[in-house]
Structures are given as structure tokens and as C-alpha cells.
There are 2 protein chains.
Amino acid sequence: MVMGRPRSFDRDKALDEAMEVFWRHGYDGASLAMLTKAMGIKAPSLYAAFGSKEGLLMAALDRYALRRSEHMRYVLAGATARDVAERFLSSIAESHTDPANPPGCLLVQGGLACGAGSENIPFELASRRAESETELLGRFIQAKADGDLPEDADPAALARFLSTVASGMGVIASSGANREALREVARVSLGAFARSGRD
Amino acid sequence: MVMGRPRSFDRDKALDEAMEVFWRHGYDGASLAMLTKAMGIKAPSLYAAFGSKEGLLMAALDRYALRRSEHMRYVLAGATARDVAERFLSSIAESHTDPANPPGCLLVQGGLACGAGSENIPFELASRRAESETELLGRFIQAKADGDLPEDADPAALARFLSTVASGMGVIASSGANREALREVARVSLGAFARSGRD
DNA sequence: AGACTTATCTACCACTCGTTATAAAAGTTG
DNA sequence: CAACTTTTATAACGAGTGGTAGATAAGTCT
């Protein structure tokens, strides 16, 4: 269909490997040598396909967003605000301790702070973290309209709280917290939703 | 008293400058050039005083721990578990948005994930984060003995929850969340303490 | 087949990294 | 003052950084 020599590697598989390196070492800590070795390609192929180290991260983040969007679709389908919150935190407890991935969250460990010349990476990660918070916010606004959340509830504060706990869970998961510990954090966090029903 | 040429810089002042660089750029992102420039000294002086880049971080972390211990003394002096939790999260909301420092928490931004050769930095930061969680745990165990927490309360889970929220607040603060946003997160988080009294 | 297009490889670029040898500078002690 | 001790600045080290020419390989097109 398209002219020229076909690429000899699977773009998505290579991105998965790059994602894991960024995940485990952060943007600054991930060297081109690490990345090319993990991806099984040489530097010129990487640059031809992704433009730069930063472009590679962006492509990996896009792929990461695909996984997250599946989770979020399930989360937002919760019947009540409380149910949404429970699904959100529970799925994070699972995903952040999935042995198939590095522990924690790529959007947290990828780079909260970076060196000179990479100042926009933390900003980029933050804006991607904000996406799910915005989705939660929309769902909570609807929940309030449904009478599912009390009149004095603050959807923005609830969404921000959950997003903050999620980031915190990313931090402790990266430090070795196990799945049971994350579930416990999720359980305690749901106490903040006590006003909208408790089990 | 001591022989030899006296050092021409203030060790603590230099450490404060180094702390800020690590805080803002993380361990990997903080280069020796940045550090020596901020500290106002040349590399050999740095190495004579702190041994290595890692040694400099450790010294900065020790100094950071001094600030934190003041906060924790105030926090642990709270009358009730709920009061302790409120003091803990409130003081974090303030300190993580103190314009005198980079936003967020050095123990979070310093390096959740590092490159090859720095694998122990994330571990070191995690163990320092664990210290305050342990202090909270001790206080909550005492609170339970005092009858201040209900029989079915889980001190370890509560301490871990607060520690996780604190880390999450560090993440969002580093991304620009303002003081009011952090206070809101603190307020919602305290809802998780609803079982032990609500205002 | 031959022209064309794109990917891959080897080798290398200039630069920065953390770290250190060397020697001069600045103080204390006899 | 001279001997001694420690810190300072200059300058460089080897290794590794992200990134790239230039040539070659592997396909599709006419």
C-alpha cells in the first residue's frame, strides 16, 4: 500500500516497552540507551518514528491514555456518585499493583520534576492527570442534578479529592505498597462519601 | 580551634539552596552545575563537604527533616485523633504552598523514579515519608487506648490514609494547585474521620 | 528490471554528566 | 617566620547524554 521499506518493529509493542522504561525510571532517568534496548530498535529508528525523546514519551502517554479510558468508562458507569468513587479507587488499587506493569502510575512517576530542557514534561503529565478529574467532576455534577448527591455537596471538591488520593496511591504503590494496602486506603477514602450512603 | 583553611561558605545556607534545587528538579534533574551555582561554591568544595551528589541529597534531606519535625510536634499534640488529622492535613496544605519554597514536597518530587545508578534514592525518600506515617500510627494507637477512636477503628489504615493523602497533596501542589485547593482536599479527607466525630 | 521511497545500521557528533588531580590560598600552631 | 592543615579554584577526566549523517537494505511503483 505504502512505498518504501516497511518498518521492522511493531510500533505499539515498542511503545509498550518504552512506556515501561519511563514508568520505572521517570523521564530524566530513562536514557536513550535504556529505551532503545527495551524497544529492540536503534536510535535512528526511534527518531524516525517518534521525533525525539519527548515525542516518544508523548506517544507512550497516548497509549497509556487508551488503557485508562477503558477503566474510566467502567468507573463513570457507576450507578451513584458513591459507586463511581468506589469503582475509581478500587480500579486504581488493582491497576497500580498489577504485576504486569511497574508499580504505581506513569503519570505520577513519569516526572513530577525534571531537569533543564524538560520543564514541560511535568506540566504535560499534570494535564493528563487532570483529564480523569474532569471526567469525575462531570459525573458528580450529573449526580447532583439526579439528586444522588446532597444539595450542599461540592462536586469539584469531591473530584479533586479522589484525584488527589489517586495520585497519593501512585506514590505509595511506587514505594512498594501492596494491593491490600491500596484497597485499605480506598476503603478509608470512601468514608468521605459517608453523607451519600454507607455500606 | 581547628587547623587548616576555614570554609568560606555557610554549610546550612548552602544546603538550603541545594534543597531547593532537588525540590524543584528532582534528583536526576538536578545537575552538579545547577547545584554548585545555587550553592555559590565550586564542585571540589561540594565534594569535600558532602562526599557526592547522593551525600548532598542526604544532607539536604536531614535538614528537611528538621523542618518537618517541628510540624509533626505540633500535629501530634492534637487533643483527639480527629484533631491530629486536621492539624496534619492543614499544616501540609500550608507548607506545600509556602511561596518561600518550591511547591509540593521534597520527599515526593525529589525522585519517585530515578535512573541507573540512583536506584536507592526513591527507596530513601520512601523511608523518610514513612517516618511521619509511623508517628501518626503511634498517636492513633494511643488515641484508641484513650477511647478517642472507636473499637473498630484501624489506626494503621487511618495513618496510611493520611500519609497517602499527604503524598497526593504533594503531587497536585507541584502541579500548581493553590492553597485553597489543598485546604479543600484536607476538608473532604476529614470526612473519612466521620466515625470519630464530625463538626 | 529499474526508479523510487522509506527504514535500518554503523559510526559519530558536540555536549553534559558526576567526579577528581593539582596546585595555590588561607588560616592555625610551633 | 616556617611548618602544617584544610579549603579553594582551575582544569580536566572518562563515561554517557540526546541526536544525526551517510550508506545500505528492503520493500513498492511503473
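Computed from a predicted structure; not experimentally measured. Throughout, protein chains are lettered first and strands after them, A, B, ... in sequence-line order, and every chain is numbered starting at 1.
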For atom CE of A:Met39 and atom C1' of C:dA7, their distance in whole Å: 14 Å
Selection residues 129-139 of chain B - residue pairs positive for salt bridge (Lys or Arg N to Asp or Glu O under 4.0 Å), sequence neighbours left out: none
Presence of B:Tyr47 side-chain N/O under 4.0 Å of C:dT20 phosphate oxygens OP1/OP2: no
When you compare the protein's N or O atoms with those of nucleotides 8-10 of chain D, which come within less than 3.5 Å of each other, and at what distance?
unit_1: D:dT8; atom_1: OP1; unit_2: B:Ser8; atom_2: N; d: 2.6
unit_1: D:dT8; atom_1: OP1; unit_2: B:Ser8; atom_2: OG; d: 2.9
unit_1: D:dT8; atom_1: OP2; unit_2: B:Ser45; atom_2: OG; d: 3.1
unit_1: D:dT8; atom_1: O5'; unit_2: B:Ser45; atom_2: OG; d: 3.4

Heavy-atom check, side chain of A:Leu107 versus side chain of A:Leu61, under 4.5 Å: yes
All side-chain contact (heavy atoms from CB on, under 4.5 Å) counterparts of A:Asn178, not counting sequence neighbours: A:Glu180, A:Ala181
Nonpolar side-chain network containing B:Leu137, other nodes, edges under 4.5 Å: B:Ile141
Under 4.5 Å side-chain linkage, directly or through intermediates, the cluster mates of B:Phe123: none
Results of salt bridge (charged side-chain N to carboxylate O under 4.0 Å, His left out) for A:Arg5 - residues two or more places apart only: none
Steps toward side-chain contact (heavy atoms from CB on, under 4.5 Å) verdict (A:Tyr27, A:Lys53): CA-CA 9 Å; A:Tyr27 182 78; A:Lys53 185 185 176 184; 3.7 Å; yes
Check: B:Ser118 side chain, B:Ile121 main-chain N or O, donor-acceptor pair, under 3.5 Å: no
Among B:Arg24, B:Arg67, B:His96, the one residue meeting side chain to side chain donor-acceptor pair (under 3.5 Å) with B:Asn101: B:Arg67
DNA chain C contacts made by residues 50-60 of chain A, counting heavy atoms under 4.0 Å: none
Protein-nucleotide distance (B:Asp28, atom CG; D:dG16, atom P), rounded to Å: 15 Å
Sequence neighbours excluded - salt bridge (Lys or Arg N to Asp or Glu O under 4.0 Å) pairs with any residue from residues 156-169 of chain B: A:Glu184-B:Arg160
Between D:dT6 (P) and B:Met3 (CE): distance, integer Å: 6 Å
Nucleic acid contacts - residues 18-26 of chain B versus DNA chain D, non-hydrogen atoms under 4.0 Å: none
Could you list the donor-acceptor pairs under 3.5 angstrom formed by side chains in residues 36-51 of chain A, with sequence neighbours left out?
unit_1: A:Thr36; atom_1: OG1; unit_2: A:Leu32; atom_2: O; d: 2.9
unit_1: A:Thr36; atom_1: OG1; unit_2: A:Ala33; atom_2: O; d: 3.1

Geometric class of the B:Trp23/B:Tyr64 ring pair [parallel <30°, tilted 30-60°, perpendicular >60°]: perpendicular
Selection: residues 108-125 of chain B, any non-hydrogen atom under 4.0 Å of DNA chain C: none
For A:Asp16, all residues meeting side chain to side chain donor-acceptor pair (under 3.5 Å), sequence neighbours excluded: A:Arg63
